[in-house]
Amino acid sequence: MGHLFALGWLILLIAAINIEAKKKPSINTSTKCLGNVMRVDVGPLGGKLLEVGVVINNSAILLTPSLASQCGFSMKIDHLGNAMIYTSLQNCFAQNVKDEAFTTAFQLRFHGSQLAEDEIYQMAETCHYTAWACREIICDHNYMEVSVKRAAPDNYVLPKNPIPEARAMLGHLQRSAEKRPIDAGFRMTTITFFTPAEKVMKVIDAQRSGHGIANTPKRLVLRSPKTSPETYTQNVAGVPMLVVKTSTVFEKKWLVTRIDAAAACPIQEGSVFFTADTITWYLPRRIDPLISFGQPKLLEVYMGIDGQRLDAAEIEARRYSLTVTDTYIISVIPIGAVGGYYKSHVQDGQYHISYTVEPMIEMFWTEDATHEGTRYKVFFPITTPLLPRPPQVTDRESLHTERVFKLELGYFCPDVALVNITFPSEVLSVTECRARGINVLEHMSPNSSYKVFTLEVPFTDPVVQQTSQEGATVYSLHLVFGLVVLDDFAPFSHAAYVQATLENIVPPSVSGGCDYQNFYVLVKYGTQGLNFQTAVGKQILTQSLAQQYGFAENGTHFSFVVPSLQIVDTTCHYAFLVILFMTLSTSSQAVELNLETNTIIKEFSVACNFISSLTECFPNGTMTALAVKLESVPGLNPSQLTLRDPTCGPTYSDERYAYFVFTGNSCGTTRKFLPNMMMYENEISLPDELGAKRASNSEEPEYELKVSCYYDINTTYAVAFQPRQRRNEPYAENAKGQLQVAMRLALDDSYSVFHRVEDYPITKYLQQPLYFEVELLTPASPEVSVELENCWATLDQDRTSRPRWNLIINGCANPVDQYQVIFHPVWTDARVQYPSHFKRFEVKMFAFAQDQEDLSRQLFVHCDVMICDARNPLGGVCNGQCMNPDNGNKGIRLKTIHLSTSLNYYGI
């Protein structure tokens, strides 16, 4: 049975709200049981705000700072937004089972500007702890807690004002009373605080003052906020410590007993010392306010971080050190070591950082007079004084030759953001910088300990100032980075100035011309001489090709000649066709490539007009046309061009032209009578749907080429022919082929993913839809189609077994079936080339009537299909799905093909 102590007065003071919480949070949570303390990790929060409460009887109580310190809760959030919630196992709201199992129910409420509504999540966590010492002390961020084993007198009547000689006996009674627990009739009445002066209070008054006082089945728990007026400071071995000492009186009729309890926790000032690289923490080995009798014997010492113990290997790996002397327990932690984190600050407009780490020291000692053990645990958050960290700007000068400034700004903690950059003429946000080509990026170190910003500014941007010197240009950039510390929204800035001087470079210049036979190209070197490579069309101007083109060079220039009948980036056949059939502007392009960077530094073209024919008209009515891709329509794909009839495409095409062959009575060709002649006319263009789509996505003009042929009306041609009798009649030859049909079961009605063979039998629930697909695999010919004739289900793999339920009869759904088959249409897509080769239908999962008591048996689905001549469906099923069954099957049944699939079914 669980126990909850000393809460009646608390619930009266706090409004409990019934809430409806989510079962699973959108943010990760985990729980660690750390001895007599539980830690709940939540996060990262991602900018959300977290409120923590506890749940009792389905009602949530918000943990305010005062309530948290009174009841044994604390929380911290690190630089990455991860929250750590610490709670004593004996907190006010814990469900305590025999002082062995402790359960605390939390409510986590997440809210923030980015959430449409608050997210609420409840979780109950349990920790088991049985290794209780006679006394256990916890020093947390905001409270001190002491838990002692309760004791009772052996029915001694204690006088209200004992004489001095009885005081020794009273101490003896208290120690011997620990042999058995206090009887249930005892109740706490008063508590005396030693400050060090005595201050007597009723227990209920002490609770109202912020102290936590409670009985558990075997222990007395006392908890005081560190800011309580009932605490005082005492110097212990030179270390200031916060002390609370109490004596609690229990009464039962004529019996009175008393339990003393004390806690002492170190204060950072006077116990922690800093150097430039390390943090040193001194904790007294002997804590006098906690020693009652004799000399303490230290048996165990542990070091940890965030409440979790570290073993010797972990301490060494993190470069920590733990030393035990006769007077102190000394912990040394390097600044910046694993386990802590840096935080950004702004002081007097300058950037500073601090390092925070939370070491833990846990000790266990006994006193030689009583041999009673004390477990002492200290959570001790330490933050260094502010350390100045002026930002540094680094200019990668190696990129100046690429005419760009690349700056690195760092190093910052992860909680710093770059907001804007101020240039002499304007202020740009990070988004505005990126929009105009100034690349701003944020980089994190591999362990997320620091952040660096990079900035790339092209020399061509207006914010870069240019001045000329003799033979060189100076590029300079003045800027101020505007930054902010996110947690505190504290702004600060950093100014920078960078400069680059580049030698003036004159690029190569190109000129050229052409005549009816050749293209002539002249290249003049720039200031860097012949440091580039030349390509003509798509071919590099190699030594052999240069010799072919009559290459000549004199140290400052070179020239070469390209014959007009040789366009280098095509085949000779293509060049011949271009020259022969077109009246067009034929061009030769040359591109210089930088040998080191392979970057285009100059591009040009030379063009001349040559006469050629686009259309030819033949006496037999055949017409040919050549449609050439023009410079005004660079996005045109010639293979998509058609004649007026969209089905009449080019006979041959490539990336530069399309070649059409057609007759005067085909492809939408029109005829018009003129005086003494007839004109046949057609036109070449993109189909309407492609033309409209291209017009909406491009500003290029429409492509349209008219083709005309003229024939004389009065011209007479003599045609002779000689008939010859046919030698034999045509006949069809019998042959054998293979038909292959498959039936599959799809996962859904998209018919895109199917169950594999190894998945069968497949388990389905009653009324769950089954999506079947039948496919004709071979032959892959559009001249045949597959049709469903009959489909039925049995309980056995034998297709002739009984019972049997018909799903499809003569191509139609079973008319007496309550849940009739649904036929799904098939459309052409990436998998379906011929829709006539597929049939798809849907069936609701069912069970046979005699099988209602056993819904775990298998069900087999069988189908007979008919292969039909798609060009000549003669009736019946071949006329289409669910035609009149009375017409009979007149299709070509090449073979009766049987298909089967097995399923498991379960009732709901």
Side-chain angles (χ1 to χ4, degrees), residues 43-49 77-82 110-116 341-354 386 388-400 402-446 448-467 474-500:
L45 299 178
K48 300 176 182 177
L49 300 179
I77 300 177
D78 66 14
H79 65 300
L80 298 178
N82 297 300
F110 304 99
H111 59 92
S113 58
Q114 297 181 352
L115 296 176
Y341 62 90
Y342 284 106
K343 171 74 174 68
S344 297
H345 305 270
V346 178
Q347 187 177 68
D348 299 329
Q350 302 300 313
Y351 181 64
H352 293 70
I353 63 171
S354 64
L386 296 187
R389 183 68 66 88
Q392 302 293 326
V393 174
T394 304
D395 180 14
R396 295 181 58 182
E397 297 182 2
S398 60
L399 294 178
H400 289 174
E402 299 180 17
R403 307 178 70 80
V404 61
F405 285 115
K406 183 167 184 179
L407 309 180
E408 292 183 356
L409 175 67
Y411 293 95
F412 300 101
C413 296
D415 56 357
V416 171
L418 178 62
V419 178
N420 55 38
I421 302 176
T422 301
F423 299 101
S425 58
E426 56 188 330
V427 179
L428 299 178
S429 66
V430 173
T431 303
E432 291 170 336
C433 286
R434 291 169 179 163
R436 63 184 281 172
I438 299 176
N439 193 18
V440 182
L441 296 176
E442 179 181 293
H443 309 270
M444 294 293 297
S445 64
S448 298
S449 62
Y450 63 85
K451 179 185 293 186
V452 175
F453 300 99
T454 59
L455 175 71
E456 294 183 5
V457 185
F459 286 0
T460 55
D461 194 278
V463 299
V464 178
Q465 299 177 357
Q466 301 182 23
T467 56
V474 178
Y475 300 89
S476 59
L477 178 62
H478 295 263
L479 68 166
V480 178
F481 295 95
L483 304 110
V484 65
V485 177
L486 295 176
D487 293 344
D488 307 324
F489 296 99
F492 65 101
S493 61
H494 182 75
Y497 172 78
V498 289
Q499 177 180 297

K.L.:
So which atom in L486 and which in A417 form the shortest heavy-atom distance, rounded to 0.1 Å?
P.N.:
CD2-CB, 3.7 Å

K.L.:
Is the closest side-chain heavy-atom distance between Y450 and M444 below 4.5 Å?
P.N.:
no

K.L.:
Does OH in Y497 sit with more than 12 non-hydrogen atoms of other residues, nucleotides or ligands closer than 6.0 Å?
P.N.:
yes

K.L.:
Ignoring hydrogens, what is the shortest heavy-atom contact between V457 and L455? Give both atom names and the distance.
P.N.:
CG2-CG, 3.7 Å

K.L.:
With a 4.5 Å heavy-atom cut-off, do F423 and I438 have their side chains touching?
P.N.:
yes

K.L.:
Is there a side-chain contact between H494 and F492 (heavy atoms, below 4.5 Å)?
P.N.:
no

K.L.:
When you look at CZ of F459, are more than 12 heavy atoms from neighbouring residues, nucleotides or ligands closer to it than 6.0 Å?
P.N.:
yes

K.L.:
Could you give the distance from CZ (R389) to OG (S354), rounded to the nearest 0.5 Å?
P.N.:
11.0 Å

K.L.:
Pick from R403, Q499, Q465: which one makes a side chain to side chain donor-acceptor pair (under 3.5 Å) with Y475?
P.N.:
R403

K.L.:
With a sphere of 6.0 Å drawn around CD of Q350, does it hold more than 12 non-hydrogen atoms of other residues, nucleotides or ligands?
P.N.:
no

K.L.:
Centre-to-centre under 6.0 Å for F412 and Y351, is that the case here?
P.N.:
yes

K.L.:
Nearest 0.5 angstrom please: H443 NE2 to L409 CG, how far?
P.N.:
11.0 Å

K.L.:
Applying side-chain contact (heavy atoms from CB on, under 4.5 Å), run through H345 and V485 and close with a yes or a no.
P.N.:
CA-CA 7 Å; H345 305 270; V485 177; over 6 Å; no

K.L.:
For the residue pair E432 and N420, establish whether any side-chain heavy-atom pair is separated by less than 4.5 Å.
P.N.:
no

K.L.:
How long is the span from the CD atom in E456 to the CG atom in N439, to the nearest 0.5 Å?
P.N.:
5.0 Å

K.L.:
L418 and G482: which non-hydrogen atoms are nearest, and at how many Å?
P.N.:
CD1-O, 3.4 Å

K.L.:
Using a 4.5 Å cut-off on heavy atoms from C-beta on, say whether the side chain of T454 contacts that of R396.
P.N.:
no

K.L.:
Contact between S493 and V480 at the side-chain level, heavy atoms closer than 4.5 Å - yes or no?
P.N.:
yes

K.L.:
Please find the pair of heavy atoms, one from H478 and one from P424, that lie closest to each other, and give the distance.
P.N.:
O-CD, 3.2 Å

K.L.:
Measuring only between side-chain heavy atoms, which start at C-beta, is I421 closer than 4.5 Å to L428?
P.N.:
no

K.L.:
Going from CG on L441 to CD on E408, what distance comes out if it is rounded to the nearest 0.5 angstrom?
P.N.:
11.0 Å

K.L.:
For the residue pair D415 and Y342, establish whether any side-chain heavy-atom pair is separated by less than 4.5 Å.
P.N.:
no

K.L.:
Would you compute the distance between atom OG1 of T431 and atom CZ of R434 and round it to the nearest 0.5 angstrom?
P.N.:
6.5 Å

K.L.:
Applying side-chain contact (heavy atoms from CB on, under 4.5 Å) to K343 and D488, what does each step give before you reach the verdict?
P.N.:
CA-CA 11 Å; K343 171 74 174 68; D488 307 324; 3.1 Å; yes

K.L.:
Can you name the nearest heavy-atom pair linking V346 to P491, along with the distance?
P.N.:
CG1-O, 3.7 Å

K.L.:
Spell out, as yes or no, whether a donor-acceptor pair under 3.5 Å connects the side chain of K451 to the backbone of P414.
P.N.:
yes

K.L.:
State, to 0.1 Å, how close P462 and R436 come at their nearest heavy-atom pair, and which atoms those are.
P.N.:
CD-NH2, 3.4 Å

